[in-house]
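Everything quoted here is computed from the prediction, not taken from an experiment.
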Number of protein chains: 2
Amino acid sequence: MTAHAEHLAVIAQADIFHNLDTPALRSVMAYAVAAHYQEGEFVFYQDDPAERVYVLAEGRLRLLQLTPEGAQINMGLVSPGQAIAVISLLEAQRYPVSAQAIGSALVLSWSRRDLHHLMIGCPQIALNALQELSQRMIEFQDRLRELTTERVERRIARGLLRLARQAGRKTEQGVLIDLPVSRQDLAEMTGTTLFTVSRTLSQWEERGIISAGRERILIRFPHGLVTIAEDLPAPHPPPSEKPSDSQV
Amino acid sequence: MTAHAEHLAVIAQADIFHNLDTPALRSVMAYAVAAHYQEGEFVFYQDDPAERVYVLAEGRLRLLQLTPEGAQINMGLVSPGQAIAVISLLEAQRYPVSAQAIGSALVLSWSRRDLHHLMIGCPQIALNALQELSQRMIEFQDRLRELTTERVERRIARGLLRLARQAGRKTEQGVLIDLPVSRQDLAEMTGTTLFTVSRTLSQWEERGIISAGRERILIRFPHGLVTIAEDLPAPHPPPSEKPSDSQV
DNA sequence: TGCGCACTTTGCGCCAGCGCAAAAAGCAGC
DNA sequence: GCTGCTTTTTGCGCTGGCGCAAAGTGCGCA
């Protein structure tokens with residue numbers, strides 16, 4: 001389905017189309033194709049020929065990579081305004097990951113040809129894309145470093161903080177991860193197993209740092225997580241719900 | 001030092017300046033600054049304000065990232081023609097890694113302003129940069145996946161194969177890694193310790209797959225490494241030097 | 001030719017985190 | 001409220017790979 005005028009605002013919000021003037025935005029829109037996806041549907045599959053560049057308008061996407069053995073790891077979360085599959089700009093490439101909708105999602109996309117054409121006419125788009133990619137690159141470098149040098153507990157703490165940043169919603173209880181996140185998901189994101197994640201979360205729950213349920217995590221005391229992530233000397237014990245463990 | 005005409009050929013070779021016409025190349029050159037570095041010198045340091053984009057003309061660079069604890073990991077190798085620190089295009093960023101010369105190196109660089117200006121005038125440059133970044137992104141994703149899902153031995157095998165691809169020189173003995181690579185370096189690249197690397201290489205040496213010395217690695221039987229990297233059922237034993245272990 | 005340094009090997013002990021199995025707890029649909 | 005499915009917890013055993021110490025080796029330099 002071709003994009004309508006209603007999508008113009010969305011396009012203007014996207015990182016990759018920042019700082020474009022209205023005529024430019026209009027021509028971007030003219031080439032856009034919009035599509036809806038339901039929970040669990042795939043926007044594209046890893047290893048398929050990369051032909052379109054996507055921008056997420058609404059909802060969230062999960063990026064998955066399959067290992068040769070069939071195991072699956074979570075390469076990241078896409079929030080509205082982000083572009084994915086920029087690799088499609090190059091000829092004869094394949095998608096390096098699969099993109100799957102979490103909940104329902106609205107996605108805009110452009111063919112390689114069209115976006116290439118738009119970029120030539122409006123280099124700012126290419127610069128924006130470069131910007132976005134660079135940022136993501138840095139994030140990857142950090143994850144890589146964490147993975148090679150840090151213990152599991154720290155990695156999980158960081159993973160949770162990252163999630164909170166990307167999909168956290170403040171409530172009076174604390175920061176709620178506004179997504180169904182299973183222990184398995186967290187394990188994939190941090191390079192460990194669901195067992196270890198489960199044990200670690202339970203431990204944090206006892207300490208009052210978080211409060212976790214089935215595919216639901218509430219961070220009650222974010223600073224506690226930061227402490228673990230940065231390996232600081234444990235600060236004040238968190239404001240626990242329970243009356244007084246230490247005084248009994 | 002400002003670039004001279006002699007650098008034009010180098011510039012034309014760089015991935016980021018592919019497919020430019022001669023006038024464009026000339027203006028690129030007009031803004032370039034060339035600099036030489038000796039073994040071990042740093043082109044830039046992590047966390048310094050990112051102000052220039054670099055293209056390696058000759059030699060090799062090592063990208064290093066420091067952990068908060070002071071440990072250091074090897075984030076990659078830069079070969080001639082590659083661009084680094086593209087992040088500098090954005091305002092107010094800092095270099096996410098340090099870049100250090102291996103042997104002597106010739107580096108061209110452009111200021112944020114100038115390169116930005118060049119890209120606006122010639123969008124192809126931005127597209128090329130996007131291309132280069134995308135490729136590197138995929139490599140990072142792969143490393144990330146390997147790190148979370150694969151055993152140490154496989155990671156070392158892959159690391160070695162990657163090195164061979166980037167800096168391998170064919171000889172009649174096999175593929176020689178044309179760089180001083182210590183066990184420590186390999187350990188940083190693959191997320192393990194120099195002890196484990198040492199043990200693993202010794203083992204491979206016994207099997208005749210490689211032949212290693214002080215900061216020197218010769219891959220005698222690349223297929224053996226591939227076998228390990230892909231976890232295939234061990235193929236023919238390698239054509240060992242030693243007369244006949246199995247028949248004695 | 002010999003010294004000193006940096007890199008490498010090897011032995012030994014240990015434990016963080018994995019892997020599995022089985023039980024428990026949520027959740028959804030009927 | 002019951003049934004069945006998915007997610008989560010927990011116990012237990014195990015081992016890959018780390019960490020350290022000490023000895024060995026190759027290389028550059030005087």
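If you check the side chains of B/Thr190 and B/Arg155, you find no donor sitting under 3.5 Å from an acceptor.
Here the P atom of nucleotide C/dT8 and the CD1 atom of B/Ile210 are 12 Å apart, to the nearest Å. For A/Arg216 and D/dT7, the CZ to P distance is 17 Å, given to the nearest whole Å. Rounded to an integer number of Å, the gap from CD of A/Gln203 to P of D/dT8 is 18 Å. A straight line from CD of A/Glu206 to C1' of D/dT8 spans 15 Å, rounded to a whole angstrom. The nearest whole Å value for the distance from the CZ atom in B/Arg183 to the P atom in D/dG17 is 18 Å. For the pair A/Glu153 CD and C/dG17 P, the interatomic distance rounds to 8 Å; values are reported in whole Å. A/Arg155 places its CZ atom 12 Å from the C1' atom of C/dC18, with the value rounded to the nearest Å.
Applying the 4.0 Å criterion to OP1 and OP2 of C/dT9, one finds that B/Ser198 has a side-chain N or O inside that range. Between D/dT10 and A/Ser202, a contact under 4.0 Å exists linking OP1 or OP2 to a side-chain N or O.
Judged as a salt bridge (Lys or Arg N to Asp or Glu O under 4.0 Å), the pairs with a partner in residues 57-66 of chain A (not counting sequence neighbours) are, in order, A/Arg62-A/Asp185. Sorted by first and then second residue, the ring-ring contact (aromatic ring centres under 6.0 Å, His included) pairs with a member in residues 149-201 of chain A form an empty list; sequence neighbours excluded. Sorted by first and then second residue, the pairs that involve residues 46-73 of chain B and meet ring-ring contact (aromatic ring centres under 6.0 Å, His included), not counting sequence neighbours, are B/Phe44-B/Tyr54. Residue pairs satisfying the salt bridge (Lys or Arg N to Asp or Glu O under 4.0 Å) criterion with at least one member in residues 173-182 of chain A, sequence neighbours excluded, are listed as follows: A/Arg169-A/Asp178.
In this structure, the side chain to side chain contact (heavy atoms under 4.5 Å, CB included) partners of B/Val10, at least two apart in sequence or on a different chain, are B/Ala57, B/Leu108. Residues satisfying the salt bridge (charged side-chain N to carboxylate O under 4.0 Å, His left out) test with A/Arg136, not counting sequence neighbours, are A/Glu132. Contacts of B/Asp48 classified as side chain to side chain contact (heavy atoms under 4.5 Å, CB included), with partners at least two apart in sequence or in another chain: B/Tyr45, B/Tyr95. Applying the side chain to side chain contact (heavy atoms under 4.5 Å, CB included) criterion to A/Thr196, with sequence neighbours excluded, gives A/Val152, A/Thr192, A/Thr193, A/Thr200.
Side-chain contact check for A/Gln173 versus A/Arg220: some heavy-atom pair is nearer than 4.5 Å. Within the 4.5 Å cutoff, the side chain of B/Thr148 has heavy atoms near those of the A/Leu147 side chain.
Of all nucleotides listed (D/dT9, D/dT8, C/dC7), C/dC7 comes nearest to the side chain of B/Glu215.
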Contact list (N/O, under 3.5 angstrom) for nucleotides 25-30 of chain C vs protein:
from   : atom 1 : to       : atom 2 : distance (Å)
C/dG26 : N3     : A/Arg214 : NH1    : 3.3

Provide a list of protein-nucleic acid N or O atom pairs under 3.5 angstrom, restricted to nucleotides 12-16 of chain D.
none

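Contacts between residues 185-196 of chain B and DNA chain C, defined by a heavy-atom separation under 4.0 Å, are made by B/Phe195.
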With side-chain contact (heavy atoms from CB on, under 4.5 Å) as the test, would you mind laying out the steps for B/Glu150 and B/Arg158 before giving the verdict?
CA-CA 10 Å; B/Glu150 293 172 5; B/Arg158 283 189 203 273; 2.8 Å; yes

Does B/Glu139 form a side chain to side chain donor-acceptor pair (under 3.5 Å) with B/Gln135? I'd like the steps, not just the answer.
CA-CA 6 Å; B/Glu139 194 193 307; B/Gln135 298 285 15; over 6 Å; no

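Between the OG atom of B/Ser79 and the CG atom of B/Asp15 there is a distance of 10.0 Å, given to the nearest 0.5 Å.
The bend of the helix from C/dT1-D/dA30 to C/dC30-D/dG1, defined by the angle between the axes of its first five and last five pairs, stands at 50° to the nearest 10°.
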